[in-house]
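Order of listing sets the numbers, starting from 1, for every ligand and every atom in it.
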Amino acid sequence: MDFKKIVQYNFPTLIRFGAGSSKELGPYLIKNELFRPLIVTDPNVAQLDFFKEIVKELQNRNISTKIFQDIHKNPVKSDVYRGTEIFDELNRDSVIGIGGGAALDVARAIVLRVHHREDLFIYDDLKGGDVFITNAVPPFITIPTTAGTGSEVGRSAVISDDETHQKKILFSPKLMANIVFADPLLTMQLPPFITAATGMDALTHHMEAFLVNMFHPMCDGIALQGMSLIHESLEKAVNRPDLEVRSKMLIASSMGAVAFQQGLGVVHSLAHPLSSLLDTHHGLANAINIPYGMEFNITGSENKFRQIARVLNLKNESGEGVVRYLFELNEKIHIPGKLSAIGVQPEHIETLSDLALADFAHPNNPKPVSRENFKSLYLKAL
Ligand SMILES: NC(=O)c1ccc[n+]([C@@H]2O[C@H](COP(=O)([O-])OP(=O)(O)OC[C@H]3O[C@@H](n4cnc5c(N)ncnc54)[C@H](O)[C@@H]3O)[C@@H](O)[C@H]2O)c1
Ligand SMILES: [Fe+2]
């Protein structure tokens with residue numbers, strides 16, 4: 001860190017956290033005179049009882065609800081365009097995202113598009129597109145239903161190109177939700193596989209953020225505490241869930257998105273191409289890759305790995321101890337140890353390596369990552 005440089009620290013959104021907090025949505029809308037929200041979700045969540053109850057409760061308060069649920073598993077630009085058309089046609093006054101990272105990202109991208117009508121990827125953060133995000137945005141409320149991405153407190157949306165499937169980031173502080181209702185009761189019925197995959201995504205956010213070479217002790221503190229909460233609760237959340245572990249996972253997930261304001265690293269760059277090429281769930285892709293990515297990162301970050309190992313209460317206070325922990329945790333929560341188990345074939349490796357090199361996450365990795373490094377990491381994980 002260059003201590004002569006001035007850096008900026010930002011902390012997020014108003015969060016109403018706790019069992020039952022989603023019941024505050026109706027009163028919040030009325031208080032803020034929002035009577036025509038567009039509710040953005042995904043086709044699965046739209047069928048769940050808690051979702052139907054939220055909608056019914058708004059209707060009982062004479063709030064006009066329109067649900068947009070027609071989104072891809074890894075959302076694409078055309079999802080955002082369709083959602084915005086509905087926003088316009090039905091004269092909506094606000095956007096509520098209810099769901100996992102996919103639904104929340106589409107909701108946030110619609111919030112952007114309502115008053116920014118250039119091609120969506122003009123606003124691509126990697127190309128400096130955030131400078132074009134200058135107009136007003138409609139009121140935006142998020143209600144997370146998975147504990148993984150932390151997208152509810154984020155300021156970015158990950159949206160893929162319809163043709164290339166490459167993930168793009170739309171970023172602006174304007175895209176932050178006005179309020180988050182983080183209600184662990186909504187995550188009680190999350191299936192074990194989704195709990196495991198999304199929980200490992202959150203753990204990856206904390207670990208990668210902590211390893212970024214930046215002087216950000218606030219984010220570092222959050223990252224360490226987030227890892228500790230996940231260590232205490234993920235295995236139980238997968239195998240024997242109760243309100244306590246669901247609560248800890250949900251807040252740890254939001255904390256992850258705060259921590260990764262510092263940046264992410266090699267693991268996310270290994271993971272993104274799997275979603276682009278094979279439509280792999282984001283959290284699952286991170287979960288399989290994290291032990292290999294962290295092994296790659298040990299040299300040069302020994303001291304930070306020692307700190308991580310302490311937070312995880314490991315006997316072996318070293319990078320090697322952390323890597324072993326990650327392999328064992330994956331096994332306990334039934335995540336496959338190898339990429340071949342999710343359909344990756346040797347012939348995918350070259351394309352995956354190209355996409356990983358082009359990915360936005362690894363420039364913040366503590367160690368530079370070359371195409372050769374990506375290739376050998378994929379081959380190791382295969
Ligand atoms: N904006 C960000 O900062 C950020 C960060 C990381 C990832 N992402 C993006 O988030 C997406 C992944 O999000 P995710 O991991 O939350 O997965 P997801 O949104 O794809 O949800 C996973 C599955 O869980 C189901 N589901 C959601 N809530 C449920 C509930 N309460 N009960 C039962 N089933 C439920 C969904 O219908 C879906 O089938 C990816 O597109 C990724 O690129 C965004
Ligand atoms: Fe992630």
Side-chain angles (χ1 to χ4, degrees), residues 12 22 40-51 53-54 69 71-76 79-80 97-109 111-112 125 142-160 165-172 175-177 182-209 237 241 246 249-250 253-254 256-261 263-265 267-276 279-287 289-290 293 359-361:
S22 61
V40 181
T41 190
D42 72 44
N44 295 329
V45 171
Q47 300 311 315
L48 300 176
D49 286 345
F50 72 74
F51 180 84
E53 269 169 40
I54 291 176
Q69 60 179 70
I71 68 167
H72 288 79
K73 188 173 144 195
N74 283 294
V76 290
D79 298 338
V80 178
I98 304 180
L104 299 186
D105 280 2
V106 174
R108 179 170 290 112
V111 164
L112 164 64
D125 186 45
T142 52
I143 303 187
T145 67
T146 61
T149 69
S151 177
E152 62 276 8
V153 298
R155 287 163 292 175
S156 52
V158 184
I159 303 292
S160 301
H165 299 290
Q166 198 184 0
K167 293 205 173 208
K168 314 255 186 191
I169 302 259
L170 310 167
F171 169 89
S172 167
L175 304 181
M176 203 158 92
D183 183 348
L185 291 180
L186 309 187
T187 67
M188 290 306 289
Q189 308 301 328
L190 268 175
F193 163 71
I194 298 173
T195 305
T198 51
M200 287 304 286
D201 185 27
L203 183 60
T204 309
H205 295 156
H206 289 297
M207 259 186 210
E208 294 210 293
R246 290 295 193 194
M249 285 306 301
L250 188 60
S253 157
S254 293
V258 177
F260 80 62
Q261 292 182 73
L264 291 165
V267 181
H268 270 76
S269 287
L270 287 163
H272 288 146
L274 293 164
S275 300
S276 305
D279 214 20
T280 309
H281 177 264
H282 174 72
L284 176 63
N286 275 318
N289 282 300
I290 187 174
D359 185 71
F360 57 82

Notebook entry, point to check: Could an N or O of ligand 1 be found under 3.5 Å from any N or O of Gly101, whether backbone or side chain?
Noted result: yes
Counting from 1 in the order shown, the ligand 1 atoms closer than 4.0 Å to a non-hydrogen atom of Phe50 are 31 (N)
Sorted by chain and number, protein N/O/S atoms nearer to the Fe ion (ligand 2) than 2.8 Å are Asp201 OD1, His205 NE2, His268 NE2, His282 NE2
Worksheet item: Do side-chain atoms of Thr142 reach the backbone of Glu152 as a donor and acceptor pair under 3.5 angstrom?
Response: yes
Is the side chain of Thr280 donor-acceptor paired with the backbone N or O of Leu274 at a distance under 3.5 Å, no angle test?
yes
Of all protein heavy atoms, the one nearest atom 36 (C) of ligand 1 is Asp42 OD2, 3.2 Å
message: With a 3.5 Å distance limit and no angle check, can you tell me whether Ser253 reaches the backbone of Gly150 through a side-chain donor-acceptor pair?
response: yes
for atom 17 (O) of ligand 1, nearest protein heavy atom and its distance come out as His281 NE2, 3.1 Å
* Measure from the side-chain N and O atoms of Arg246 to the backbone N and O of Thr187, and report whether any donor-acceptor pair falls under 3.5 Å. => yes
Checking the N or O distance criterion of under 3.5 Å, is ligand 1 in contact with Gln189?
no
Here the atoms of ligand 1 under 4.0 Å from any heavy atom belonging to Pro75 are 41 (O)
Heavy-atom proximity to atom 8 (N) of ligand 1, picking from Asp105, Ile98, Asn44, Ile194, points to Asp105
Gly100 heavy atoms within 4.0 Å reach ligand 1 at atoms 16 (O), 19 (O)
Quick check: does Gly99 get an N/O under 3.5 Å from an N/O on ligand 1? no
- [ ] Would you kindly say whether Asn74 and His165 are connected by a side-chain donor-acceptor distance under 3.5 Å?
- [x] no
Worksheet entry | Backbone or side-chain N or O of Arg108 under 3.5 Å from ligand 1 N or O | no
Ligand 1 to Thr198, heavy atom cutoff 4.0 Å, flagged ligand atoms 15 (O)
Test item: side-chain donor near acceptor, Asn286 and Thr204, under 3.5 Å | no
What one should report as the nearest heavy-atom pair of Asp105 and Ser151 is OD1-OG, 2.8 Å
Ranked by distance from atom 32 (N) of ligand 1, the top protein heavy atom is Leu48 CD1, 3.5 Å
- Kindly say whether Gly283 contributes a backbone atom to a donor-acceptor pair with the side chain of Thr198 at under 3.5 angstrom? no
The atoms of ligand 1 lying under 4.0 Å from a heavy atom of Thr146, numbered in the order shown, are 16 (O), 27 (C), 28 (N)
Numbered in order shown, the ligand 1 atoms found under 4.0 Å of a heavy atom of Val45 are 26 (N), 27 (C), 28 (N), 37 (O)
query: Strictly by modelled atom types, are Ser156 and Arg108 linked by a side-chain donor-acceptor pair under 3.5 Å?
result: no
of all protein heavy atoms, closest to atom 30 (C) of ligand 1 is Leu190 CD2, 3.5 Å
Smallest heavy-atom separation, Leu170 atom then Ala109 atom, equals CD1-CB, 4.0 Å
On a heavy-atom basis, the closest approach of Ile169 and Phe360 is CD1-CZ, 3.2 Å
Note: ligand 1 atoms sitting under 4.0 Å from heavy atoms of Lys167 are 40 (C), 41 (O), 42 (C), 43 (O)
For His282, the atoms of ligand 1 under 4.0 Å from one of its heavy atoms are 6 (C), 7 (C), 40 (C), 42 (C)
